[in-house]
A.B. asks: 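Supplied in structure tokens, the structure appears directly below.
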Amino acid sequence: MNAIIECHDLHKAYGTTPALAGVSLSIDTGEVLAIMGPSGSGKSTLLHCLAGIITPDSGQVIYDGQRIDCLGDDKRSVLRRTAFGFVFQFGQLVPELTALDNVALPLLLGGVKRREGYDRATQWLMRVGLDNDHHHQLPGHLSGGQAQRVTIARAMAVEPAVLFADEPTGALDSLASQQIMELLVGVAQQAQTSIVMVTHEPSIAAYADREVVVRDGRLAGQEVRA
């Protein structure tokens, strides 16, 4: 397999507090990677560096053969809109927009024509199991599981190469968590999209092909599943 995204010797500190202390990692195309570790271990900082949300103090982040840690804010923003998808714990949907509008928004911002954008948004909402009755509802009128389905549809509609998920089931009960993880991994595998996922729950990490543990800003171990 070829690495789609990797990092080398990442360091990041917040004031005098180190968050990453020399992390190197490689994620293959189509791989599902779980990053685990205790609270404050640096796992979310690692994900945010890989996704170009924050810039490391030193080290390299390489996506598809190109260093992204050296890019300016505008170029990293374009990369996040076009090549990366995001699923966070609370979805971060725009509360004033309907489910359909939320999914279409990043497509329209990326230059997709309105009709095509809404057609793709509709198709993805159907793919994640939300019928027409839910398409025009506001996020506040959806259950937690339904809102995460909208978030997955929004993330996948841009056809990302890498999907970043930070505690994607943290606000859900056990049944909804299982359903969301099966859906998330299933649609990503069909599209050959890599997943980099932060979680503290072993039952969620079990959906990954590989698990790495971060402690005190360093990789403390990993497990590859058959």
A.B. asks: Could you tell me whether the side chain of His134 reaches within less than 4.5 Å of the side chain of Arg149, counting heavy atoms only?
C.D. replies: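 The answer is no; the side chains never approach within 4.5 Å.
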A.B. asks: Would you name the heavy atoms of Pro95 and Leu138 that are closest together and state the gap between them?
C.D. replies: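 That would be O-CD2, 3.8 Å.
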A.B. asks: Do Leu20 and Pro56 have side-chain heavy atoms sitting under 4.5 Å apart?
C.D. replies: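 The answer is no, as the side chains (C-beta and beyond) never meet within the 4.5 Å cut-off.
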A.B. asks: Using a cut-off of 6.0 Å, state whether more than 12 heavy atoms not belonging to Asp173 lie near its atom CG.
C.D. replies: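 Atom CG in Asp173 is crowded, with more than 12 foreign heavy atoms closer than 6.0 Å.
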A.B. asks: Any side-chain heavy-atom pair from Cys7 and Gln60 closer than 4.5 angstrom?
C.D. replies: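 Not in contact.
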A.B. asks: Check Ile27, Ile62, Val23 against Leu50 for a side-chain contact (heavy atoms from CB on, under 4.5 Å) and give me the one that passes.
C.D. replies: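 Option passing the side-chain contact (heavy atoms from CB on, under 4.5 Å) with Leu50: Ile27.
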A.B. asks: Do the side chains of Phe84 and Tyr63 get nearer than 4.5 Å, heavy atoms only?
C.D. replies: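 Side-chain contact under 4.5 Å: yes.
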A.B. asks: Ignoring hydrogens and geometry beyond distance, is a side-chain donor-acceptor pair present between Arg127 and Gln190 at under 3.5 Å?
C.D. replies: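 Side chains of Arg127 and Gln190: pair found under 3.5 Å.
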A.B. asks: How long is the span from the CG atom in Leu33 to the CG atom in Asp28, to the nearest 0.5 Å?
C.D. replies: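 One gets 10.0 Å once the value is rounded to the nearest 0.5 Å.
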A.B. asks: Under 3.5 Å, is there a donor-acceptor pair linking the side chains of His8 and Glu6?
C.D. replies: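 Yes, Glu6 and His8 have a side-chain donor paired with an acceptor closer than 3.5 Å.
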A.B. asks: With sequence neighbours excluded, give me every salt bridge (charged side-chain N to carboxylate O under 4.0 Å, His left out) pair touching residues 43-72.
C.D. replies: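 As it turns out, the salt bridge (charged side-chain N to carboxylate O under 4.0 Å, His left out) pairs with a partner in residues 43-72, which skip direct neighbours, are Lys12-Asp57, Arg67-Asp69.
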A.B. asks: Other residues, nucleotides and ligands only: do more than 12 of their heavy atoms fall within 6.0 Å of CG on Asp119?
C.D. replies: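 Yes, the 6.0 Å shell around CG holds more than 12 heavy atoms from other groups.
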A.B. asks: Should Leu183 and Val128 count as side-chain neighbours, where that means a heavy-atom distance under 4.5 Å?
C.D. replies: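 SC-SC contact between Leu183 and Val128 confirmed.
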A.B. asks: Distance-only check: which donor-acceptor pairs under 3.5 Å involve side-chain atoms of residues 100-113, not counting sequence neighbours?
C.D. replies:
{"unit_1": "Asp101", "atom_1": "OD1", "unit_2": "Tyr118", "atom_2": "OH", "d": "2.7"}
{"unit_1": "Asp101", "atom_1": "OD2", "unit_2": "Thr98", "atom_2": "OG1", "d": "3.1"}
{"unit_1": "Asn102", "atom_1": "OD1", "unit_2": "Val94", "atom_2": "N", "d": "2.8"}
{"unit_1": "Asn102", "atom_1": "ND2", "unit_2": "Val94", "atom_2": "O", "d": "3.1"}
{"unit_1": "Asn102", "atom_1": "ND2", "unit_2": "Leu97", "atom_2": "O", "d": "3.1"}
{"unit_1": "Asn102", "atom_1": "ND2", "unit_2": "Thr98", "atom_2": "O", "d": "3.1"}

A.B. asks: Return yes if some donor-acceptor pair links the side-chain N/O of Thr82 with the main-chain N/O of Val78 below 3.5 Å, else return no.
C.D. replies: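 Yes.
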A.B. asks: When you compare the side chains of Thr29 and Asn2, does any donor N or O come within less than 3.5 Å of an acceptor on the partner?
C.D. replies: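 There is no such pair between these side chains.
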A.B. asks: Sub-3.5 Å donor-acceptor pair from the side chain of Ser41 to the main-chain atoms of Val214, do we have one?
C.D. replies: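 Such a contact is found between Ser41 side chain and Val214 backbone.
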A.B. asks: Any non-hydrogen side-chain atom of Met181 less than 4.5 Å from a side-chain atom of Ile204?
C.D. replies: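 A side-chain contact exists here, since the closest heavy-atom pair is under 4.5 Å.
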A.B. asks: Ile35 pairs by side-chain contact (heavy atoms from CB on, under 4.5 Å) with which of Leu46, Val213, Asp166?
C.D. replies: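 The side-chain contact (heavy atoms from CB on, under 4.5 Å) with Ile35 is passed solely by Leu46 among Leu46, Val213, Asp166.
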A.B. asks: Determine whether a donor-acceptor pair (N or O, by modelled atom type, separation under 3.5 Å) exists between the side chain of Arg120 and the backbone of Ala157.
C.D. replies: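 Yes, Arg120 side chain to Ala157 backbone: donor-acceptor pair under 3.5 Å.
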A.B. asks: Heavy-atom distance under 4.5 Å between the side chains of Leu163 and Ile152, does that happen here?
C.D. replies: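 Result no, sub-4.5 Å side-chain heavy-atom pair not found.
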A.B. asks: May I ask you to test the Phe164-Ile5 pair for a side-chain heavy-atom distance under 4.5 Å?
C.D. replies: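 Yes. Closest side-chain heavy atoms under 4.5 Å.
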A.B. asks: Kindly give the heavy-atom pair with the smallest separation between Ala21 and Arg218, and that separation in Å.
C.D. replies: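 Reported closest heavy-atom pair: O-NH1, 2.9 Å.
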A.B. asks: Heavy-atom count around Arg81 CZ within 6.0 Å, excluding the residue itself: above 12?
C.D. replies: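 Yes, enclosed.
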